[in-house]
S.K.: 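Sharing a structure with you now.
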Amino acid sequence: MLSFSEALSAGTAGAAPALEWLVPLLDAKGGDETKLLAAADKLREKTLGNSVHLRGLIEFSNFCRKNCHYCGLRAANKKIKRYRLSKAEILATALKAEKLGYKTVVLQSGEDLYFSSEVMSEIIVELKNKTKLAVTLSLGERDEATYLAWRKAGADRYLLRIETTDRRVFREIHPDSDLEYRKNCLYTLKKLGYQLGSGVMAGLPGQDSTSLAKDIIWLHELGVEMAGIGPFLPHKETPLKDEKGGSLSQALRLIAVLRLVFPYAHMPATTAMGTIDPLGREKALEAGANVMMPNITPTEVRPYYEIYPNKICLDENADKCFGCVTARIIGLGRTVGTDYGHVIRKNSGIKEPNSR
Ligand code: SAM
Ligand code: SF4
Ligand code: FES
């Protein structure tokens with residue numbers, strides 16, 4: 001392993017991701033940690049500037065067929081009230097978001113097969129006909145034909161976290177999911193031309209800096225264009241209820257290291273960061289992040305999308321959250337992005353997906 005200074009020099013010089021420099025940076029403490037976050041912040045400013053892109057998050061269904069050991073939406077959790085927004089409600093929410101100034105909506109749900117290839121395609125087509133919004137999907141694992149149908153319907157981007165690439169850790173926490181299958185979903189999404197987002201949770205049981213560094217190397221091989229990470233927050237109605245969970249500082253170091261590895265990727269300051277610390281999203285924006293995903297889900301159903309406890313903004317509405325994040329961004333001396341914030345494909349030769 002390199003020393004911290006050697007590792008930071010390698011990272012800032014754009015070295016290919018390798019354990020020898022990723023691990024010392026992920027383990028940085030005290031003054032070293034401060035230097036790491038500052039270096040990532042500086043690089044973000046150089047490559048992507050000061051604007052922060054807003055993506056309005058619509059949590060449109062909390063039904064889920066899976067039983068991930070960490071997530072409050074798991075099928076076996078009988079204590080949450082399940083809901084699905086109708087097509088009309090999803091469209092109305094998106095139209096409102098566009099009026100507020102959003103350029104992108106993210107449609108996220110549990111793995112709810114009610115939203116079939118056909119049902120979802122109709123929603124995407126109508127969204128694209130009625131608005132100028134870019135559409136990001138995050139509905140979990142589906143087959144290639146379904147991903148293709150949604151892409152053809154007009155979806156621009158897809159978010160599917162790999163969660164961890166450590167085979168043993170993955171198997172322990174995913175009773176009904178397979179690491180190779182999930183990886184294949186990501187390869188397929190990439191092949192279909194989606195702007196591709198993935199990422200991991202930080203602080204899963206059994207994970208360490210070496211496994212996180214291997215995750216980063218895999219995400220780099222995949223060629224991820226949006227990298228979303230957040231701390232794992234234990235939920236009392238799940239098998240992982242007694243685990244410690246992730247820490248703010250570990251998540252910040254991971255964001256910073258990801259920024260060094262992916263100078264142009266879009267990286268959100270996630271809601272989980274705002275949940276673990278009232279200023280967590282600001283801290284993420286100052287450690288390499290350049291995106292925020294305010295909740296625009298109708299207030300009535302927000303409490304039921306409880307993937308982890310104490311989630312922020314449950315009593316708020318779309319206007320309030322839009323105003324709040326805007327003020328936070330301006331408070332940092334940054335600006336709210338006014339363009340689509342599509343992925344930047346430097347020298348890739350890949351044609352930019354059209355937002356329409
Ligand atoms: N069902 C889709 C999937 O799993 O990809 C999308 C929705 S899922 C709720 C979105 C993300 O929430 C997951 O990828 C996972 O990283 C995160 N998540 C779930 N439970 C969490 C927890 N307890 N703490 C932090 N993040 C969590
Ligand atoms: Fe379902 Fe996604 Fe939660 Fe797993 S993480 S239980 S797939 S909503
Ligand atoms: Fe919802 Fe601050 S982001 S109130």
Side-chain angles (χ1 to χ4, degrees), residues 25-26 28-57 97 100-104 106 159 197 199-203 226-233 245-260 262-297 302 307-338 341:
L25 295 190
L26 289 167
K29 302 261 172 332
D32 288 347
E33 180 173 8
T34 310
K35 279 186 205 156
L36 167 66
L37 306 192
D41 193 37
K42 194 169 156 201
L43 179 61
R44 181 272 311 153
E45 185 169 11
K46 186 174 149 213
T47 52
L48 297 164
N50 274 326
S51 66
V52 177
H53 300 289
L54 298 187
R55 325 291 201 193
L57 178 64
L100 275 171
Y102 285 100
K103 295 280 187 194
T104 296
V106 180
L159 305 177
V200 298
M201 272 181 285
M226 302 177 284
I229 77 108
F232 156 56
L233 303 168
S247 71
L248 175 73
S249 71
Q250 180 191 38
L252 288 171
R253 278 178 271 133
L254 182 55
I255 291 172
V257 176
L258 281 164
R259 171 55 70 211
L260 299 184
F262 299 99
Y264 290 93
H266 288 304
M267 293 176 42
T270 54
T271 305
M273 295 298 283
T275 299
I276 201 169
D277 180 311
L279 292 178
R281 288 172 297 174
E282 281 88 337
K283 290 174 185 172
L285 287 174
E286 295 193 307
N290 72 319
V291 168
M292 286 182 95
M293 295 170 66
N295 201 337
I296 59 170
T297 309
R302 285 188 188 197
I307 53 185
Y308 46 74
N310 306 317
K311 202 162 157 239
I312 53 172
C313 302
L314 297 188
D315 299 329
E316 312 297 354
N317 59 32
D319 300 72
K320 176 84 185 300
C321 289
F322 183 81
C324 170
V325 293
T326 302
R328 286 170 190 258
I329 291 165
I330 291 167
L332 293 175
R334 308 265 284 269
T335 53
V336 176
T338 51

S.K.: For K320, which residues count as a salt bridge (Lys or Arg N to Asp or Glu O under 4.0 Å) partner, sequence neighbours excluded?
M.R.: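 So K320 forms a salt bridge (Lys or Arg N to Asp or Glu O under 4.0 Å) with E316.
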
S.K.: Please enumerate all residues that pass side chain to side chain contact (heavy atoms under 4.5 Å, CB included) together with A272, with sequence neighbours excluded.
M.R.: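 With sequence neighbours excluded, A272 shows a side chain to side chain contact (heavy atoms under 4.5 Å, CB included) to P231, L233, T270, Y308, given in chain and number order.
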
S.K.: Who are the side chain to side chain donor-acceptor pair (under 3.5 Å) partners of K103, not counting sequence neighbours?
M.R.: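 With sequence neighbours excluded, K103 shows a side chain to side chain donor-acceptor pair (under 3.5 Å) to no residue whatsoever.
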
S.K.: Mind jotting down which residue pairs meet the salt bridge (charged side-chain N to carboxylate O under 4.0 Å, His left out) criterion with at least one end in residues 286-297? Sequence neighbours excluded, please.
M.R.: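 Found none.
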
S.K.: With sequence neighbours left out, write down each residue that passes side chain to side chain contact (heavy atoms under 4.5 Å, CB included) with T34, or none if nothing qualifies.
M.R.: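 Listed in chain order: nothing, the list is empty.
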
S.K.: Can you name the side chain to side chain contact (heavy atoms under 4.5 Å, CB included) partners of K29, sequence neighbours left out?
M.R.: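 Here no residue qualifies.
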
S.K.: Only counting residues at least two apart or in another chain, list the ones meeting side chain to side chain donor-acceptor pair (under 3.5 Å) with R281.
M.R.: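 R281: no side chain to side chain donor-acceptor pair (under 3.5 Å) contacts found.
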
S.K.: Can you list everything that forms a salt bridge (Lys or Arg N to Asp or Glu O under 4.0 Å) with R44? Sequence neighbours excluded, please.
M.R.: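 With sequence neighbours excluded, R44 shows a salt bridge (Lys or Arg N to Asp or Glu O under 4.0 Å) to D41, given in chain and number order.
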
S.K.: Could you work out, with side chain to side chain donor-acceptor pair (under 3.5 Å) as the rule, every residue matching T275, not counting sequence neighbours?
M.R.: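 Testing T275 for side chain to side chain donor-acceptor pair (under 3.5 Å), a comparison that skips the adjacent residues, returns none.
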
S.K.: In chain order, what residues pass the salt bridge (Lys or Arg N to Asp or Glu O under 4.0 Å) check against R328, with sequence neighbours excluded?
M.R.: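 E282.
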
S.K.: Please list, chain by chain and in numerical order, all residues satisfying salt bridge (Lys or Arg N to Asp or Glu O under 4.0 Å) with D277, sequence neighbours excluded.
M.R.: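 D277: salt bridge (Lys or Arg N to Asp or Glu O under 4.0 Å) contacts with K283.
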
S.K.: With T104, which residues qualify under side chain to side chain donor-acceptor pair (under 3.5 Å), at least two apart?
M.R.: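 Listed in chain order: R157.
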
S.K.: Just by distance, do the side chain of N290 and the backbone of M267 share a donor-acceptor pair under 3.5 Å?
M.R.: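 Checked: pair present.
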
